[in-house]
Structure formats: structure tokens, C-alpha cells
2 protein chains.
Amino acid sequence: MASLTEENYLKLIYHLSGALREEVSTSALAEQTQTKAASVTDMLKKLAEKNLIHYKRYQGVRLTEEGEYMALKVIRRHRLWEVFMVEKLGFRWDEVHPIAEELEHIASDELINRLDAFLNFPVSDPHGDPIPTASGSMPEADYHKLCDTSLNDQVTVMGVSEHASSFLQFLSKAGLVPGSTVQVVEINAFDRSMQIRINGLEPSFISHEVARNILVSPES
Amino acid sequence: MASLTEENYLKLIYHLSGALREEVSTSALAEQTQTKAASVTDMLKKLAEKNLIHYKRYQGVRLTEEGEYMALKVIRRHRLWEVFMVEKLGFRWDEVHPIAEELEHIASDELINRLDAFLNFPVSDPHGDPIPTASGSMPEADYHKLCDTSLNDQVTVMGVSEHASSFLQFLSKAGLVPGSTVQVVEINAFDRSMQIRINGLEPSFISHEVARNILVSPES
DNA sequence: ATAAAATTTTAGACTACCCTAAAAAACTAT
DNA sequence: ATAGTTTTTTAGGGTAGTCTAAAATTTTAT
């Protein structure tokens with residue numbers, strides 16, 4: 001039984017620790033939670049007490065197995081609700097994150113598993129992020145960044161690594177959404193910007209900053 | 001911006017004040033919230049401060065117009081989520097109340113209005129309770145109690161006034177759910193128990209206690 | 001290697017919501 | 001109408017989660 005605040009810390013530690021499950025610093029947590037480092041330290045003590053994190057003073061934190069399990073449950077709930085809002089309620093992909101931040105704390109497993117079935121067991125959310133399974137494992141897809149795609153290669157957009165709504169709205173307008181086909185037409189060496197052909201249409205220009213935050217996989 | 005706890009108090013005051021909008025006592029609130037009277041007094045002061053209730057010491061409380069508006073929003077959210085869970089996720093009507101108690105505090109109007117549309121603007125929840133409109137008015141239906149139905153009259157079950165899951169499960173088993181047709185076949189004067197014919201089938205026996213908590217309207 | 005800078009933790013305090021015990025006000029019964 | 005009972009409020013205090021200020025530890029730079 002973790003409180004809403006505890007769940008948010010676990011989720012955040014999961015995200016900040018990255019694929020390599022590196023230690024997360026107190027200051028990084030303070031920045032993301034919009035609180036002060038002293039408050040974070042208090043919470044870390046509590047989470048360590050509950051065996052949800054490995055914590056030694058001044059050493060940063062990692063999730064325990066139990067902590068990771070709980071973080072993945074929160075992330076699973078978040079992403080399933082996002083799918084629900086986009087697929088069933090007609091929200092745009094750039095609108096759903098803040099509401100999912102609230103819905104993710106409704107704890108009923110029965111609710112979430114029925115929702116999962118209602119949505120036909122989606123494997124990823126509207127931004128292409130994988131949805132953890134009910135048993136608590138995260139399906140890790142090996143997408144790569146659009147900016148690393150070679151000239152003339154054709155790829156499919158699978159997701160994004162930046163979720164700011166302004167970025168998502170830009171992508172919608174450009175047609176760069178999960179499922180779109182992209183061919184790299186030109187790469188400018190000096191600023192790494194690209195000309196790309198989206199779904200076979202006229203080439204468009206995107207900056208390296210944009211290309212870096214688009215996840216793609218090779219055409220099948 | 002009312003907190004989760006404040007929302008629960010407003011909803012409770014609404015329910016306890018009844019159709020006549022009578023004053024609600026501190027002790028009634030303490031009993032229902034599973035807290036002590038002293039704690040209730042603290043909260044009443046805060047709600048009065050925010051102009052959500054009319055409160056004079058020792059006099060009980062009533063909702064202000066603004067307080068009632070907020071209570072109705074919470075009740076609207078609760079009942080829409082109940083419809084969602086039963087209609088879309090396949091929950092039984094006796095399972096949804098505790099989960100709706102959590103979902104009702106997700107505040108987004110956009111979410112609720114889209115959910116309302118997705119559900120085809122239902123007018124009542126799975127227990128027959130009316131769903132307040134987006135503008136904050138409660139459609140009051142003039143149902144009467146099954147126990148007040150005259151011998152041989154035929155009526156339609158519209159809802160219930162008791163929501164305990166054991167009661168709801170009993171009704172499901174008996175086929176006494178909203179929409180069922182009931183004809184009163186016999187009334188026992190000494191204990192006011194009844195023989196009733198449900199959907200034209202063989203007569204069943206129900207106690208006054210059961211009949212008192214079933215809401216019906218005359219056959220059209 | 002050690003002084004300066006940065007990070008993290010401790011100490012003490014605040015708010016929201018809850019508590020117990022005691023005081024105040026309102027009912028009730030004769 | 002007044003004494004006893006019940007209800008409600010006040011007073012003082014506790015926990016979760018936050019804060020500021022100061023102390024402890026680690027990192028960085030020379």
C-alpha cells in the first residue's frame with residue numbers, strides 16, 4: 001500500500017534510472033518532483049524503510065525488485081488510461097498525460113485488467129511507449145532514433161522520447177505519428193538537420209533536435 | 001479546488017440532507033466518515049470559510065449553492081464511472097461502488113464530458129440513481145417504494161435505495177434488477193412481506209425490508 | 001593532498017487532516 | 001424551570017509531506 005506520493009517517487013526513480021538502472025540522485029528527484037532536496041531525503045528514508053528502494057546516505061537510490069514491480073504497475077495504469085482516452089474518448093495524444101497522472105493512482109487490479117481486455121491488450125500507448133504486463137515486466141523494444149537513420153533508408157515511426165505537448169502537436173501537424181513511414185532524403189552535415197519524406201509525400205525539413213526524439217524501426 | 005476529503009464531505013452532506021435539504025448534524029457526519037465529531041467540526045469550519053456550506057455553531061450544516069454544485073459534480077462523476085464499469089468493462093452492479101469512490105475524484109471536466117458522450121448520455125447509473133447533468137442539476141424522478149404498491153398492481157423496477165453489495169447480489173439472484181416487471185400477488189398484513197411475480201414467472205417471496213428498498217414506477 | 005564548491009542530510013517548523021480530553025451549548029424529562 | 005444527558009466545540013497534540021537553515025559528506029580543482 002503505497003501512498004499517491006510514494007507511487008510518484010517510485011515511478012520517477014524508475015524513469016530517471018534509465019535502461020541501465022543507474023543510481024538516481026537526490027537532486028535529480030528534487031528537480032523533477034518540484035520539491036527541495038531535504039523533502040526528497042525524508043521520502044527516501046520512508047521508501048527504504050518499506051524495502052522499496054536501496055538507499056545509502058549520499059549514495060543515490062535504486063529500486064528494489066518490489067519497488068520496480070510497483071513502479072511498473074503505476075506505469076501500466078498510466079499508459080492503459082492514455083490508450084483509453086485516445087482510442088475510446090477521442091482525446092488527442094498531446095492532451096492525455098496530465099489526466100493519466102491522476103488516473104494512474106486508482107489501484108484496483110480488477111479495474112485495470114478489465115480495462116486492458118476492453119482495449120484489446122494494447123502493447124504500447126499513444127506515444128509508442130510499451131505497456132508493462134499485468135505480471136510486471138516491461139516489454140523493451142529496440143527502436144533507434146530517427147537522427148541515426150542512414151540516408152535513403154526507409155523506417156516506421158514507433159514512438160517518441162519527448163512528451164511535451166508542444167512537441168507532440170508539432171509532430172501531429174507534420175504527420176510524424178506512430179505508424180507513419182519516413183524516408184531520409186537528405187542529411188545536412190553541419191547541423192544534422194534532415195529532409196525526410198513522410199508517407200511518400202513531399203519532403204519536409206526537421207531539425208536534429210526533433211529527429212533525436214523520434215523513435216523508429218526499420219521497414220519490415 | 002476542493003481536496004479529496006473536502007469533496008467527500010460535500011457529497012456526504014448532500015446525501016444526508018435528503019430531498020428536503022434539511023440541516024445535517026455533526027454527529028451524523030462523524031458516523032458516516034468514520035471519524036470523530038471534533039474532526040468534523042474542524043472540516044466544517046474550513047468548508048464554511050470557503051463558502052461551500054452554511055454553518056453556525058451547534059446548528060448543523062446545509063450546502064451553499066456553490067457547495068451543492070460541487071457535490072453534484074462528484075456524484076455525476078461517480079455514477080458515470082459506475083455506468084462505464086458495468087456497461088463497458090462487464091463488472092456486476094454490486095462490485096463498482098468502491099472503485100467509483102476513487103474515480104469520482106478525478107476532476108477533469110473534459111474527461112467526464114467525453115465519458116458521458118461515450119456512454120451515450122445515460123440518465124441513471126446501474127442502481128437506477130439519476131446522473132446529475134453537466135450543468136449541475138439533479139434529475140429527480142418520482143419513483144415509489146415497492147412496499148407501497150397495491151395488490152395486483154404491475155410496476156417496473158427503476159432502482160434501489162440501499163446499495164450494500166449483499167443486497168444487490170440478492171436482487172440479482174432474484175431477477176429484481178432495474179427494468180424487471182413486478183406484479184404484487186399477495187401482501188401479508190402482519191409482517192408486510194409480499195408474494196410477487198417477477199417478469200411473469202412463478203411467484204417469489206420478499207420481506208418488507210427488501211420491498212422497502214426497491215424503487216418502482218407504474219407500468220406505462 | 002587539500003581547499004573550495006556542490007550535494008546531501010539533519011534539525012526544527014508548517015499545513016491538512018485526524019485524534020483525545022475537557023468545556024460549552026442544546027436538548028429532555030420531570 | 002432546572003438538573004441531567006447528549007451533542008458540539010475548543011484545546012492541545014500526532015502523522016504525512018512539505019519547507020528553510022545549518023551541518024555533514026562528497027566531488028572538483030588545483
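Reckoned from all heavy atoms, side chains included, excluding hydrogens, waters and symmetry mates. So that the names make sense, note that chain A is the first sequence line, chain B the second, and so on, each numbered from 1.
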K.L.:
Which residues in residues 32-43 of chain A have at least one heavy atom lying under 4.0 Å from any atom of DNA chain C?
P.N.:
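Nucleic-acid contacts, sorted: Ala37(A), Ala38(A), Thr41(A).
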K.L.:
Measure the acute angle between the ring planes of His97(B) and His78(B), then classify it against the limits of 30° and 60° as parallel, tilted or perpendicular.
P.N.:
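Geometry flag for His78(B) against His97(B): tilted rings.
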K.L.:
Would you mind reading off the distance between Tyr58(A) atom OH and dA24(D) atom P, rounded to a whole angstrom?
P.N.:
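Between P of dA24(D) and OH of Tyr58(A): 9 Å.
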K.L.:
Return the value, rounded to whole Å, for the distance between atom CD of Glu6(A) and atom P of dT18(D).
P.N.:
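Rounded to whole Å, this separation is 10 Å.
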K.L.:
Measure from CD on Glu23(A) to C1' on dT8(C) and round the result to the nearest Å.
P.N.:
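Whole-Å distance recorded here is 14 Å.
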K.L.:
Phosphate oxygens OP1/OP2 of dT9(C): is one of them under 4.0 Å from a side-chain N or O of Tyr55(A)?
P.N.:
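Checking dT9(C) against Tyr55(A), a side-chain N or O does come within under 4.0 Å of OP1 or OP2.
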K.L.:
Do the numbers put Lys88(B) on top of the ring of Phe84(A), so that NZ or CZ is under 6.0 Å from the six-membered ring centre and no more than 45° off the axis?
P.N.:
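Cation-pi check for Lys88(B) and Phe84(A): fails.
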K.L.:
Per the salt bridge (Lys or Arg N to Asp or Glu O under 4.0 Å) rule, which among Lys73(B), Arg76(B), Lys11(B) passes with Glu104(B)?
P.N.:
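Of Lys73(B), Arg76(B), Lys11(B), salt bridge (Lys or Arg N to Asp or Glu O under 4.0 Å) with Glu104(B) is met by Lys11(B) alone.
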K.L.:
Figure out the CD1/P separation between Ile53(A) and dT8(C), and round it to whole Å.
P.N.:
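Rounding to the nearest Å, CD1 of Ile53(A) and P of dT8(C) are 13 Å apart.
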K.L.:
Does OP1 or OP2 of dT10(D) have a side-chain N or O of Lys45(B) closer than 4.0 Å?
P.N.:
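Result: yes.
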K.L.:
Tell me whether the side-chain N/O atoms of Arg57(A) come closer than 4.0 Å to OP1 or OP2 in dT10(C).
P.N.:
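Affirmative; the distance criterion is met.
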K.L.:
Looking at the rings of Tyr14(B) and Tyr69(B), which for Trp means the six-membered one, are their centres under 6.0 Å apart?
P.N.:
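Tyr14(B) vs Tyr69(B): aromatic centres not under 6.0 Å.
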K.L.:
When rounded to the nearest 0.5 angstrom, what distance separates CZ in Phe167(A) from NE2 in His127(A)?
P.N.:
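Rounded to the nearest 0.5 Å, the CZ-NE2 separation comes out at 11.0 Å.
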K.L.:
Go through it in stages, so that I can follow the logic: the residues are Leu215(B) and Val157(B), the test is side chain to side chain contact (heavy atoms under 4.5 Å, CB included), and I'd like the CA-CA distance, side-chain angles, deciding distance and then a yes or no.
P.N.:
CA-CA 6 Å; Leu215(B) 302 175; Val157(B) 175; over 6 Å; no
K.L.:
Compare side-chain N and O positions of Tyr9(A) against OP1 and OP2 of dT18(D) and report whether any pair is under 4.0 Å apart.
P.N.:
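True: Tyr9(A) side-chain N/O within range (under 4.0 Å) of dT18(D) OP1/OP2.
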K.L.:
Starting from C1' on dT18(D), measure out to CG on Leu29(A) and report it in whole angstrom.
P.N.:
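Distance check: Leu29(A) CG to dT18(D) C1' gives 15 Å.
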K.L.:
Please lay out, stage by stage, how Arg62(B) and Arg21(B) fare under the test side chain to side chain contact (heavy atoms under 4.5 Å, CB included).
P.N.:
CA-CA 7 Å; Arg62(B) 280 180 305 109; Arg21(B) 303 284 181 280; 5.6 Å; no
K.L.:
Any side-chain N or O of Ser25(B) under 4.0 Å from OP1/OP2 of dT7(D)?
P.N.:
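No, because none of the side-chain N or O atoms of Ser25(B) sits under 4.0 Å from OP1 or OP2 of dT7(D).
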K.L.:
Once you round it to whole Å, what is the distance between P of dA16(C) and CG of Asn8(B)?
P.N.:
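Checked: the CG to P distance equals 17 Å.
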K.L.:
Nearest whole Å is fine: how far is dT25(D) P from Lys56(A) NZ?
P.N.:
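Those two atoms, NZ and P, are 16 Å apart.
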K.L.:
Side-chain N or O of Ser27(A) versus OP1/OP2 of dT8(C): is the shortest distance under 4.0 Å?
P.N.:
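Yes, Ser27(A) has a side-chain N/O under 4.0 Å of OP1/OP2 on dT8(C).
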K.L.:
Please report, rounded to the nearest Å, how far the C1' atom of dT9(C) is from the CG atom of Leu47(A).
P.N.:
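The distance from CG of Leu47(A) to C1' of dT9(C) comes to 16 Å, rounded to the nearest Å.
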